[in-house]
Amino acid sequence: MRTKTITDIDVAGKKALVRVDFNVPLSSKNPNDNITVTDDTRIRAALPTLNYLLDHGAALILCSHLGRPTSAADKQYAMNPVAARLSELIGRPVQKMDEVVGDSVTAAVAAMQPGDIILLENTRFEPGETKNNPELSQKLADLADVYVEDAFGSVHRAHSSTEGAARMIRAKGGPAVAGFLMGKELDALGTAVSDPPHPYVAIMGGAKISDKIKLIENLLKVADKILIGGGMANTFLKAQGHQVGKSLVEEDAIPEAKRLLKQAANRIVLPTDVIVAPEFSADAPAELVSVWGIPQDQMALDIGQDTIERFNEELQGAQLVIWNGPMGVFEFDRFAEGTNALAKLLAALTNHGVQVVIGGGDSAAAVRKAGLADKMTHISTGGGASLELLEGKDLPGISVLDNK
Ligand code: ADP
Ligand code: MG
């Protein structure tokens, strides 16, 4: 990995502005309730970075967005419940500020000692945050000597807390580096983009092909094979001339699908059989058919056994596998078999040293539901960010960091 991380710099006696992902689910949307954090996974995930910085003598100024407030008036998105939970988990006081920047923050930061923790108010309470407003970025940068990015899910956006503040801390000579969570994401996904081991097999599924055309195109540049299942496969099957009945198809994307098939026919592997049903529902009667025989009044909701076997053959010998998008409507048990079978195949591959990286919110959920999350090499936490990285884009919150 090219990007510097916290282990590459000296933080003793420094004040570190740490962009964390504390965008956690809350118990209520009513500001008058006693709001609590209902799932603290993301706070726990940040602890290794925070503890490392504290153990090495830094004082921490933490910031994150939480929910989608339209202004500071949306008090239900205040960071108080996060500060309370973080303090319990880290076993130290956390001073929660009632503003993102301003006199109270400046005064509190000026009084900080190594080991102290301040949590700024929800960054999106400042309208400048999502506009990457230079004044807001400068005020954030003025607080600290060091910038640490550990919110991978936000690095595809150039916001004040993700890009602006980092750039301005660098401008005054301070380092801007990745925390441990970011480091893991960059190791797993960055390698897949820039320096993948071969054979490299990408597996794509999910519902929307138009969102992912760029991703498929870029994967074709670096991966040896692309296996396509899920709803996305229907558009490709139709582009190949198959009848797909009532299946989800993006007509507008058919020309693109045709072009990709022409460009890389022998490297794109499509389903040979699918599970069809007359309607999109959990208890619709399911039937296994060949892709040559999808009935007019039915829709494909999962891949079939023969397809799983073909995919399995393609995966043998692979060194790296990237998976984005479920193979079927895994939310319905009846149409979850293809996704679960694939998750099992991939889990078995990791036992033989194959790197298996999962990107995408629903794919991650499917792997967790199958109880196989621990088996995978890496499950990315950033939906949009991981897709954009795999598309080969430069992400503003990554490019701004120091390189080794
Ligand atoms: P991810 O979040 O992993 O990037 P997507 O959001 O692209 O994945 O796609 C996930 C959705 O795709 C799931 O809700 C799933 O039900 C749906 N899906 C998968 N296969 C089909 C299909 N054959 N027909 C309709 N929807 C499908
Ligand atoms: Mg999704």
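Each ligand, and each atom within it, is numbered from 1 in the order the structure gives.
Nearby protein atoms of type N, O or S around the Mg ion (ligand 2) amount to 1 (distance under 2.8 Å).
Taking every non-hydrogen atom of Gly325 and a distance limit under 4.0 Å, the qualifying atoms of ligand 1 come out as 3 (O), 8 (O). In summary, the atoms of ligand 1 found under 4.0 Å from a heavy atom of Gly230, numbered by their order in the structure, are 20 (N), 23 (N).
Remark: minimum distance from atom 27 (C) of ligand 1 to any protein heavy atom is reached at Val329 CG2, 3.6 Å. For atom 23 (N) of ligand 1, the closest non-hydrogen atom on the protein side is Ala300 O, 3.0 Å. Scanning the protein heavy atoms around atom 14 (O) of ligand 1, the nearest turns out to be Glu331 OE2, 2.5 Å. The shortest contact between atom 18 (N) of ligand 1 and any protein heavy atom is with Gly328 O, 3.9 Å. Protein heavy atom at the shortest distance from atom 12 (O) of ligand 1 is Ala207 N, 3.2 Å. Among all non-hydrogen protein atoms, the one lying nearest atom 4 (O) of ligand 1 is Lys212 NZ, 3.0 Å. Among all protein heavy atoms, the one lying closest to atom 20 (N) of ligand 1 is Gly231 N, 3.0 Å.
Annotation: side chain of Val354 is not in contact with side chain of Gln319 (no heavy-atom distance under 4.5 Å). Between Pro196 and Thr191, every side-chain heavy-atom pair lies at or beyond the 4.5 Å cut-off.
Residues passing the ring pair (Phe, Tyr, Trp, His ring centres under 6.0 Å) test with His242 are Trp292, sequence neighbours excluded.
Within the 6.0 Å centre-distance limit, the rings of Phe332 and Phe280 are counted as a close aromatic pair. Checked against the 6.0 Å centroid criterion, the rings of Phe335 and Phe330 do not qualify as a close aromatic pair.
Using a cutoff of 4.0 Å between basic side-chain nitrogens and carboxylate oxygens, Lys15 and Asp145 are not scored as salt-bridged.
Between the side chains of Ser363 and Asn324, no donor-acceptor pair is found at a separation under 3.5 Å. Between the side chains of Ser290 and Asp273, no donor-acceptor pair is found at a separation under 3.5 Å. Side-chain polar atoms of Glu250 and Ser210 form a donor-acceptor pair below 3.5 angstrom. In this model, no donor atom of one side chain and acceptor atom of the other lie less than 3.5 Å apart for Glu185 and Ser386.
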